[in-house]
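A quick write-up on the structure given underneath.
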There are 2 protein chains.
Amino acid sequence: MSEYRLPTIKEIAKRLNVSVSTVSRALRDHPSIGLVTTMRVQNVAKELGYEVNRSAIHFKERKTYSIGVIIPNLSEPFFSSALTGIEDAVEANNYNVIIGQSLESFEREKRIVENMKDHRVDGILVSLTKETSSYEHFDGLKKYNIPVVFFDRIPSKKNINYVACNLVSGMLQAVTKLVSLGHKRIGLINGPAKLAATLQRLEIYYKCLKAHELQLDHEVIVSTSLSKADNRRAMTQLLDIAEPPTAVIVFNDYVLLDCIATVKARGLVINQDVSFISFANLPIWEYMDSVPLASIEQFAYQQSSMATDFLFQLIKHAGNPAGTEPPLLQHIIDSEMIEYTRTSGQ
Amino acid sequence: MSEYRLPTIKEIAKRLNVSVSTVSRALRDHPSIGLVTTMRVQNVAKELGYEVNRSAIHFKERKTYSIGVIIPNLSEPFFSSALTGIEDAVEANNYNVIIGQSLESFEREKRIVENMKDHRVDGILVSLTKETSSYEHFDGLKKYNIPVVFFDRIPSKKNINYVACNLVSGMLQAVTKLVSLGHKRIGLINGPAKLAATLQRLEIYYKCLKAHELQLDHEVIVSTSLSKADNRRAMTQLLDIAEPPTAVIVFNDYVLLDCIATVKARGLVINQDVSFISFANLPIWEYMDSVPLASIEQFAYQQSSMATDFLFQLIKHAGNPAGTEPPLLQHIIDSEMIEYTRTSGQ
DNA sequence: AATTTTAACGCAAACGGTTGCGCTAAATCA
DNA sequence: TGATTTAGCGCAACCGTTTGCGTTAAAATT
């Protein structure tokens, strides 16, 4: 049993006294093979339990029919649902997904890129590490004709393929809601400067304030390195201001969890003494006592599946004989505010 | 650029006027090639930026150097950290991980198995769907010499390779704690009968009660289909008993979240009117107002990395020339109780 | 000096399938 | 009926690497 080998087209050919090329074509319903021969071949193939050896084809076609996915952390719901989006988009194309978690480590991201290059994936989808600020490790891939599409956490660079999320739309909804509730002093707990998302959030913040003619006060803008301790420190910093903000926009739900704990530890009441708006839309709020007023959905699934479609376009293009330049595929989708109806949780 | 091709050993051979076999051996420091030749070959290889074509080797060796991982849902922290364990264990062997989420669908699980068989993975790691109760879709793999190792959610079958978690150890710790706190009437909210884990939890429950000489009352044993609504119904059922249990062992933390909400909706206080013990150890409790007394850690990372080691043993064995029967690799690791110190969350 | 050993390398097949081109015989055309 | 098209199939190269075996010349042995 250990020496069992799958039947090959050679054996089918031998059985029927035809050539391997005839078998090869017949199996794929090639028009230049007669109907009777095609039928006989396919019957014998079924009888023998023939299955095409993909490795042989991969080898000959110089393709692996697999794409690499590099993401920071699958334990984040955002990325795990992103992966589901990729899987679904890939299934139709009969491709395989090779996964690599960078775990927010730049070095690990580089290693994974190398490994995937070695394994000759046909393309790569990437969402960057928090640490990643240089992108040379992706440059090598272009030489090997391996297209790359970034999603969500994308490089701050021009000529790349990407799908990202426009946070303005969702945030404008949220700030509008805050203003309608009477809030005038809205703080911001932002992320580390390295992330493109951080700069983006800041710009959005400015836009929203301006849209509602609110006064800009740099005192209520703080930032966190995203560590638990620093999240708490940032929140504390805001609360210690002489006139603390009545509402705070927080980088994401993870940071918010720490902020809520900090506020509570002070004996303050969420959504009464201070209200929150956050990003990421974790699926946990419905179980929590204290929730933000709203969270901004960034559509992981949609981002990743569109990025996957982009990647397949590029892969298809790479297979073209002509040396035409590949297109630059870029798209930004709109975010949306998700409201949480509960008000207080004591 | 689009026609760019990587250098092959042929070109190195041509450059140096040696044969391809010499180059092949020299690149791998084969002893039968002279030192000078080896050096010259390796220098030219580096100069040309040579990289071995894995696809060619995969083809020739009839191996893909990739393993398949089939798990229900990456959005569950348990499975995402299991995947990390697999990745880490795999990295050392220069293998790739091909991922497939069954999303708790039996049909999808079958499809993924087929797909991975088609792609000739060298082995498969599986954690079963909740729906899965027949295992014929794995039988075909043995014929193709593709070893399978199950972990955590394993088939109720004898001659399989698996790593699972023994819940007795952790649960005994937990019940001992409950008893020491004065609890005498301990309920159980169990999972669906299909799951092996459900039967296991029931047996453990019996064992624990017997160990502490507590009275067994089937009235306080209910079960849930794991849906949100049914979780709440199960908890309500327990609270509606004339003499409700003062402590409840819950199938897992997800169910527990619903139970806690149900209890609170009744105006009861967690860890005062009713205490909980749960499984799975979600990383969310530290942010919650209401927490279980303890949760039982099932060591996803350790389970999966051991399962991966098992798989590599089997893969290695499959490569053996002799037709010797592969070993049966089975292991059960102990669970542990994780205590949560906070008492009440109002 | 004749023989055996050994070091160093080349030859060629093999892995399984695809594909451009050529060939033959039948069908179609003029 | 002779010339031309076409349907149906085979030949053989090719993809890149590995490996058993053969070959040659130098080194070691007797």
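Side chains are part of it too, since the values below use all heavy atoms of this structure and drop only hydrogens, waters and symmetry mates. The sequence lines fix the lettering, A, B, ..., with proteins before strands; numbering per chain opens at 1.
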Could you pull out the protein-nucleic contacts involving nucleotides 24-27 of chain C (nitrogen or oxygen on both sides, under 3.5 Å)?
none

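Aromatic ring pairs are classed by plane angle as parallel below 30°, tilted from 30° to 60° and perpendicular above 60°; the pair A/H331 and A/F310 is perpendicular. Below 30°, between 30° and 60°, or above 60°: for A/F151 and A/F79 the angle between ring planes is above 60°, a perpendicular geometry.
Not counting sequence neighbours, the partners of B/V52 by the side chain to side chain contact (heavy atoms under 4.5 Å, CB included) test are B/Y50, B/R54, B/I57. Looking at residues two or more places apart in sequence or on another chain, you find a side chain to side chain contact (heavy atoms under 4.5 Å, CB included) between B/S19 and B/S21, B/T22. For A/F138, the ring-ring contact (aromatic ring centres under 6.0 Å, His included) criterion is met by A/F150, not counting sequence neighbours. Under the side chain to side chain donor-acceptor pair (under 3.5 Å) criterion, B/E104 pairs with B/R153, sequence neighbours left out. By the salt bridge (charged side-chain N to carboxylate O under 4.0 Å, His left out) test, B/D29 is found to be paired with no residue, residues two or more places apart in sequence or in another chain being considered.
Taking the screw axis at each terminus of the helix from C/dA1-D/dT30 to C/dA30-D/dT1 from five consecutive base pairs, the angle between the two is 50° to within rounding of 10 degrees.
For the ring pair (Phe, Tyr, Trp, His ring centres under 6.0 Å) condition, the pairs that include at least one residue of residues 98-118 of chain A, sequence neighbours left out, are A/F106-A/H137.
Look at B/E11 and B/K14 and you find no salt bridge, because none of the NZ, NE, NH1 or NH2 atoms lies under 4.0 Å from a carboxylate O. With respect to the salt-bridge test (charged N to carboxylate O, under 4.0 angstrom), the residues B/E47 and B/R15 qualify. A salt bridge links A/E51 with B/R120: the distance from a Lys NZ or Arg NE/NH1/NH2 to an Asp or Glu carboxylate oxygen falls below 4.0 Å.
Taking both residues in full, the closest heavy atoms of A/Q303 and A/A164 are given as OE1-CA, 3.6 Å, listed atom of the first, atom of the second, then distance.
Protein atom CG of B/L27 is 13 Å distant from nucleotide atom P of C/dC9, rounded to whole Å. One atom, CZ of B/R28, and another, P of C/dA8, lie 17 Å apart when rounded to the nearest Å. Protein atom NZ of B/K10 is 16 Å distant from nucleotide atom P of C/dG10, rounded to whole Å.
DNA chain D is contacted by B/S21, B/S24, B/R25 of residues 14-25 of chain B, taking any non-hydrogen atom closer than 4.0 Å. Across residues 54-63 of chain A, A/F59, A/K60, A/R62 each have a non-hydrogen atom less than 4.0 Å from an atom of DNA chain D (numbered order).
With a cutoff of under 4.0 Å to any heavy atom of chain A, the contacted region of DNA chain D is bounded 5' to 3' by D/dG8 to D/dG16.
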Side-chain donor/acceptor pairs under 3.5 Å, residues 67-76 of chain A, sequence neighbours excluded:
| unit_1 | atom_1 | unit_2 | atom_2 | d |
| --- | --- | --- | --- | --- |
| A/N73 | OD1 | A/S75 | N | 3.1 |
| A/N73 | OD1 | A/S75 | OG | 2.7 |

Evaluate B/Y65 against B/H58 for ring-ring contact (aromatic ring centres under 6.0 Å, His included), listing each step before the verdict. CA-CA 7 Å; B/Y65 292 95; B/H58 295 174; 5.5 Å; yes
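A donor-acceptor pair is defined here as one N or O able to donate and one able to accept, closer than 3.5 Å; no such pair exists between the side chain of A/E109 and the backbone of A/T132.
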